[in-house]
Trainee: 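One structure coming up, written as structure tokens, with questions to follow.
These values consider heavy atoms only, across backbone and side chains, with no hydrogens, waters or symmetry-generated copies. Each residue takes its place number in the sequence, starting with 1.
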Amino acid sequence: MAETEVMKNTSNEDFGAFVDKFLLLPPSDSPHHLPLSGLTFAVKDIFDVEGHVTGFGNLDWARTHSAAASTAPVVSDILSSGASSVGKTVMDEMAYSINGENWHYGTPTNPCAPDRVPGGSSSGSAVAVAAGLVDFSLGTDTGGSVRVPGAFCGILGFRPSHGTVSTDGVIPMAQSFDTVGWFARDPLILNKVGHVLLRSPVQDPLPPCQIIIPDDCFQNLCFQSNIIIPVVMKTIENLFSCQVIKHVKLGDYIRDNVPSLKHFTESESQEFMIPSLSALSNSLRLLQKWEFKKNHGEWVSTIRPHLGPGIHERVWDAIGTSNENVGHCHTVKTELRAALSSLIQDCGVLVLPTVPGPPPKLQTQPVRLENYRAKAFSLLAIAGMSGFCQVTIPLGMLDDLPVAVSLLARHGDDLFLLNLVQTLNDSLKEQASDMIKST
């Protein structure tokens, strides 16, 4: 690959999205007609790029690590498919947040809500796309780090089925959940990137066999449900048929079909929380902490890095984690995948709120964010623990704040889901625009 240095550090012109700007071109002997020819992309600072230090969102990490000897295969695949990289983007420290605020490098400015957080940990990658600085970008999603910033910044964000896209050359956070995800404004570009990274040929779109709406998730966990549900239902009725729509109480279904969740159910559930989904979140966060400790505990304990508010507490909590109940976490994952596979079925989709509501304001105290985080993770853990693919789709702006919805499909149904996004995207936005105008 050819490389030309352009600029270091961030500037106001790039919304604070980048930690390092440089140009990586496709191989010089590449054919002219490639699937991503002419497109530009950015890369989260968790991916190795030859000759550059992978900073992992933390200055002490960058200081104590050498430049990468090789480039992550997913980055090389994108370059070989014709796209050009313009640099590395800001991320939350050690990928351990969904806010997007970085104490060292600054917080990228959310282009659609500048007084709100951009979402993390792939904050800069989402902002670069939302601001129109690149056509698409690469991020990672462990607990929600593509889906959340996608929703907060009003763009498409795709988390693939766990294990389907290589994570070689990517700093691990928690391998049971780590995925390489991507952002785009255009569903066609989102789809093209997916074909490259999933190493799959183009497939003809298939109509969904069923669209499942979990009424309890919207009623209990999302205060924008009065907009989202009518928009989704009207779109499905217009493009397919109301007969494919099915309503369920997902919390009850998971409670009845994932018995190992009993090890993670709290005696007193928070108000407006769904107990089984709260337990699902507890199991994800425990396994995430344990794997983070195994990956980075020695470095954290030895270097004792400077960490920003919220991140510091989370990292050291993980370092103190024991492996008690970790075995039950893996059992929950197995049971949940089987249960949701049976519920959703082939070419089926589960509709979910991506997040509980609009992005929180900048510099909100961590303790005040806990209720939001708890609700968010009870939704995000569904894909995380099952390993299923999920996409967040922007619907528009309500009261100058972004509104989004997610679609989740079975493990391995990634191309079906990407095609469905292309089919639904314009109609969803049109219905949302009409709905918002009428409110």
Side-chain angles (χ1 to χ4, degrees), residues 96-99 142-145 147-148 173-174 176-177 214-223 225 248-294 310-340 343 350 352-357 360 364-388 390 406 408:
Y96 220 146
S97 177
I98 58 170
N99 277 4
T142 300
S145 293
R147 292 164 289 166
V148 173
M173 199 278 185
S176 288
F177 310 109
D215 294 319
D216 53 341
C217 290
F218 284 96
Q219 292 165 0
N220 290 46
L221 300 173
C222 179
F223 69 82
S225 58
V248 300
K249 287 188 175 181
L250 187 63
D252 291 351
Y253 179 83
I254 289 177
R255 178 198 64 203
D256 294 341
N257 290 276
V258 187
S260 292
L261 279 177
K262 65 185 179 184
H263 299 286
F264 303 98
T265 302
E266 297 169 342
S267 56
E268 293 185 9
S269 181
Q270 287 181 270
E271 188 178 10
F272 304 119
M273 292 293 287
I274 300 170
S276 62
L277 297 187
S278 181
L280 197 64
S281 170
N282 292 339
S283 62
L284 180 147
R285 293 208 258 185
L286 172 61
L287 184 53
Q288 182 186 55
K289 287 192 290 186
W290 174 246
E291 293 187 347
F292 179 90
K293 176 182 177 178
K294 289 199 297 181
I311 305 286
H312 178 276
E313 292 80 2
R314 209 167 294 128
V315 164
W316 282 102
D317 180 49
I319 300 307
T321 300
S322 75
N323 64 351
E324 183 181 2
N325 274 341
V326 164
H328 294 307
C329 295
H330 290 289
T331 304
V332 168
K333 282 169 56 67
T334 300
E335 292 175 352
L336 181 68
R337 180 178 292 198
L340 290 184
L343 174 67
L350 179 67
L352 289 168
T354 308
V355 287
T364 299
Q365 290 297 317
V367 67
R368 295 182 61 188
L369 288 175
E370 190 48 44
N371 184 53
Y372 188 98
R373 284 179 54 82
K375 285 187 175 183
F377 270 97
S378 69
L379 294 166
L380 298 165
I382 297 168
M385 291 298 285
S386 65
F388 285 12
Q390 182 176 342
S406 271
L408 180 144

Trainee: Taking the side chain as every heavy atom from C-beta outward, state whether Pro214 and Leu350 have any atom pair closer than 4.5 Å.
Mentor: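 Counting from C-beta outward, Pro214 and Leu350 do come under 4.5 Å.
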
Trainee: Closest approach of Pro356 and Lys375, non-hydrogen atoms and distance?
Mentor: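 Minimum heavy-atom separation between Pro356 and Lys375: CG-CB, 3.5 Å.
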
Trainee: Any idea which heavy atoms bring Glu266 and Ser278 closest together, and the distance?
Mentor: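 Closest heavy-atom pair between Glu266 and Ser278: OE1-OG, 4.2 Å.
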
Trainee: Any chance you could measure Asp256, atom CG, to Lys249, atom NZ, to the nearest 0.5 Å?
Mentor: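 Asp256 atom CG to Lys249 atom NZ measures 11.5 Å (nearest 0.5 Å).
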
Trainee: What distance separates Asn99 CG from Tyr372 OH, expressed to the nearest 0.5 Å?
Mentor: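 Spacing of CG (Asn99) from OH (Tyr372) equals 9.0 Å.
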
Trainee: Between Arg314 and Ser97, is a side-chain contact (heavy atoms from CB on, under 4.5 Å) present by the stated rule, with each step listed?
Mentor: CA-CA 9 Å; Arg314 209 167 294 128; Ser97 177; 3.7 Å; yes

Trainee: Quick one: CE on Met385 to CG on Leu340, what's the gap to the nearest 0.5 Å?
Mentor: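 So the gap between those two atoms works out to 11.0 Å.
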
Trainee: Is there a side-chain contact between Tyr96 and Thr142 (heavy atoms, below 4.5 Å)?
Mentor: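 No - every pair of side-chain heavy atoms lies 4.5 Å or more apart.
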
Trainee: With a 4.5 Å cut-off on side-chain heavy atoms, are Leu250 and Ile274 touching?
Mentor: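 Heavy-atom side-chain distance check fails, nothing below 4.5 Å.
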
Trainee: Testing the basics here: between Gln288 and Gly143, what is the closest heavy-atom pair and its distance to 0.1 Å?
Mentor: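 Distance-wise, the nearest heavy atoms are NE2-N, 4.0 Å.
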
Trainee: Do Pro353 and Cys217 make a side-chain contact, defined as non-hydrogen atoms from C-beta onward lying under 4.5 Å apart?
Mentor: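 Yes, at least one pair of side-chain atoms sits under 4.5 Å.
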
Trainee: Give the minimum heavy-atom separation between Val332 and Ser283, together with the two atoms involved.
Mentor: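 Here Val332 and Ser283 meet closest at CG1-OG, 4.0 Å.
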
Trainee: Give me the atom names and distance for the closest heavy-atom approach of Asn325 to His263.
Mentor: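 Minimum heavy-atom contact is ND2-O, 3.9 Å.
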
Trainee: Check whether any side-chain heavy atom of Phe264 lies under 4.5 Å from a side-chain heavy atom of Arg285, and answer yes or no.
Mentor: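 Phe264 vs Arg285: side chains apart.
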
Trainee: Would you compute the distance between atom SG of Cys329 and atom CG of Leu286 and round it to the nearest 0.5 angstrom?
Mentor: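 It comes to 4.0 Å.
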
Trainee: Kindly say whether Leu277 contributes a backbone atom to a donor-acceptor pair with the side chain of Ser281 at under 3.5 angstrom?
Mentor: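 Here the side-chain-to-backbone pair does not exist.
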
Trainee: Given the rule in the side-chain contact (heavy atoms from CB on, under 4.5 Å) test, do Trp290 and Val326 qualify, once you have shown the distances and angles that lead to the verdict?
Mentor: CA-CA 8 Å; Trp290 174 246; Val326 164; 3.8 Å; yes

Trainee: Distance-only, no hydrogens or angles: does the Arg147 side chain make a donor-acceptor pair with backbone N or O of Leu380 under 3.5 Å?
Mentor: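 Present.
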
Trainee: Could you check if a side-chain atom of Met273 sits within less than 4.5 angstrom of a side-chain atom of Leu221, using non-hydrogen atoms only?
Mentor: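 Counting from C-beta outward, Met273 and Leu221 do come under 4.5 Å.
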
Trainee: For residues Phe292 and Thr321, determine if any side-chain heavy atom of one lies less than 4.5 Å from a side-chain heavy atom of the other.
Mentor: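 Phe292 does not reach Thr321 side chain to side chain.
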
Trainee: Can you tell me how far the OG1 atom of Thr331 sits from the CG atom of Leu336, to the nearest 0.5 Å?
Mentor: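 That separation rounds to 12.5 Å.
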
Trainee: Which atom pair, heavy atoms only, marks the closest approach of Val258 to Ala339?
Mentor: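 What the structure gives for the nearest pair is CG2-CB, 4.3 Å.
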
Trainee: Does the side chain of Ser176 come within less than 4.5 Å of His330's, by heavy atoms?
Mentor: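 Touching, per the 4.5 Å side-chain cut-off.
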
Trainee: Starting at NE2 of His328, measure out to CG of Leu261 and round the result to the nearest 0.5 Å.
Mentor: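 Spacing of NE2 (His328) from CG (Leu261) equals 11.5 Å.
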
Trainee: Can a donor-acceptor pair be found, under 3.5 Å and without considering hydrogens, that links the side chain of Asp317 to the backbone of Glu313?
Mentor: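 Such a contact is absent between Asp317 side chain and Glu313 backbone.
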
